[in-house]
Amino acid sequence: MKRTILTEEHEQFRKMVRDFIEREVAPHREEWDEAGHPPREFFHRLGELGILGIQVPEEFGGGGESSFIYNTIVFEEVARAGVSFGGYTVHACLILPYLLEYATEEQKKRWLPGFSDGSIMTAIAMTEPGTGSDLANIATTAKLSDDGSHYVINGAKTFITGGATADLILTVCRTSPFDPETRRGGLSIIAVPTATEGFSVGRKLNKIGLHQQDTAELSYSDVRVPVENLLGEEGEGFSYLTHNLPQERLSIALNQVGFAEAAIAHAIAYTSDRKVFGKPVAAFQNTKFVLAECSAETQMARVYVDHCLELLDRKELTVADAARAKLVCTEIAGRVIDKCLQLHGGYGYITEYPIARLYADTRVTRIYGGTSEVMKTIISKDLGL
């Protein structure tokens, strides 16, 4: 189905991203898998090409684009090539809304130029051991120093994407004692430079997939951060997190539609070339029917997320509709990729084939950014249930 949201300028950007991946990313896939993340020079290169700072205002060294479509094109091309951009999604798609919406002018001048050129890579630390999706139970504390000039942070975080390679981590802390009556009050977001004394990266977690994207445990032991690093208002952290969830969850949905489309393309190519009983696997009715089902589901998902993308650009995407997008698209991607792997036979389980990497990388999307069960809870509340 023809997409109506793309312009010639978008397609030119796509060609630039595709050429870059073919020249400078794809040849290093195995090397970066083994290292657990791309080298630092890679992020500088993304900065040089304008990919990191697409939505950063021009006055801070960015591209000044307001639309999220350019980010979507990056997702699609990364999926198509079967590679990863490390912590790109967290940096450019999850962190930036917080900085644009809640940072002061002084903070923007301090952080956004480096954010755009790749010299300041970012991450966000929400999840803690034992909290999972229940952010109201965050226990990491940030207390004012005696002279009121610093926050002193103590606590631990886990499952932090980009935590081992970031220079600045937006850390969700409790700045006032937990109140069971309000639960969600008292949380604040503080930008912690990772070079600060008392901050340390613990284990780099070994995952089933997403091998080019580091995921780490973090420790804060009397980490002193200037009060000037508080993002927005003290105690408003939970509302900020909620405000930015639609874009985060739509990012995951868009990524997964790209994965499903890539899986279908890989399956068509493989089954057209692979012969069984004297004819291509693609010639069998079962293959045609399976791919037809996959195409129908994926096309429906694409139309929905493209519409959500338009709503996001107009600042009209609701939390519930973003939850619907994440729930449906991650479930569809899981089904489609599984079917496409099956069409590869035994080779689908071999990691040198892109379908195997798609299979491993997609499973976690039904967990991070809010589990499928949390999405269902949000949607049911939207239905008045």
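This chain uses plain numbering: 1 for the first residue, then up along the sequence. What you see below is based on every heavy atom in this structure, not just the backbone, and it leaves out hydrogens, waters and symmetry mates.
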Query raised in the report: If you take all heavy atoms of K326 and T365, which pair is closest and at what distance?
Result: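 In this case the closest contact between K326 and T365 is NZ-O, 2.6 Å.
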Query raised in the report: In terms of heavy-atom contacts, does CD of E197 have more than 12 from other residues, nucleotides or ligands at under 6.0 Å?
Result: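 No, CD of E197 has 12 or fewer neighbouring heavy atoms, counting only those of other groups under 6.0 Å.
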**Report entry** Any residue meeting side chain to side chain donor-acceptor pair (under 3.5 Å) with T351, in chain and number order, not counting sequence neighbours
**Finding:**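 Once residues adjacent in sequence are excluded, T351 has no partner under the side chain to side chain donor-acceptor pair (under 3.5 Å) criterion.
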Requested in this report: For E217, check side chain to side chain donor-acceptor pair (under 3.5 Å) against everything at least two apart and list the hits.
Outcome: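 Per chain and number, E217 pairs via side chain to side chain donor-acceptor pair (under 3.5 Å) with R203.
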Report task. Would you indicate whether the side-chain heavy atoms of I332 and F259 approach each other to under 4.5 Å? Result ->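 Answer no - side chains too far apart.
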Query raised in the report: How about C340 and L291: do any of their side-chain heavy atoms sit closer than 4.5 Å?
Result: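 Heavy-atom side-chain distance check passes, below 4.5 Å.
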Query raised in the report: Which pairs, with at least one residue in residues 40-54 and sequence neighbours excluded, count as a side-chain hydrogen bond (donor to acceptor under 3.5 Å, both in side chains)?
Result: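 Qualifying pairs: E24-R45, R40-D167, R45-E48.
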Query raised in the report: Tell me the side-chain hydrogen bond (donor to acceptor under 3.5 Å, both in side chains) pairs involving residues 235-246, sequence neighbours left out?
Result: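 The answer is Y102-H243, E236-S239.
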Report task. Could you tell me whether the side chains of T141 and N154 share a donor-acceptor contact shorter than 3.5 Å? Result ->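 No.
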Query raised in the report: Are side-chain N/O atoms of T140 and Y220 paired as donor and acceptor at under 3.5 Å?
Result: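 Y220 and T140 do not have a side-chain donor-acceptor pair below 3.5 Å.
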**Report entry** Side-chain donor or acceptor of T196 paired with backbone N/O of V223 under 3.5 Å
**Finding:**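 No: the side chain of T196 does not pair with the backbone of V223.
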Could you give all pairs that pass the salt bridge (Lys or Arg N to Asp or Glu O under 4.0 Å) test and reach [range], with sequence neighbours left out?
range: residues 373-385; result: R324-D382
range: residues 241-270; result: E261-R302
range: residues 262-282; result: none

Requested in this report: Return each pair, listed once, that meets ring-ring contact (aromatic ring centres under 6.0 Å, His included) where at least one residue sits in residues 341-367; pairs must be two or more places apart or across chains.
Outcome: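 Passing the test, one end in residues 341-367: Y270-H344, Y347-Y353.
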Requested in this report: For S219, check side chain to side chain contact (heavy atoms under 4.5 Å, CB included) against everything at least two apart and list the hits.
Outcome: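 Checked S219 against side chain to side chain contact (heavy atoms under 4.5 Å, CB included); matches are S200.
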Salt bridge (charged side-chain N to carboxylate O under 4.0 Å, His left out) partners of [X], counting only residues at least two apart:
X: E31; value: none
X: R23; value: none
X: E352; value: none

Query raised in the report: Which of parallel (below 30°), tilted (30 to 60°) and perpendicular (above 60°) describes F115 and H91?
Result: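 Correct class here is parallel.
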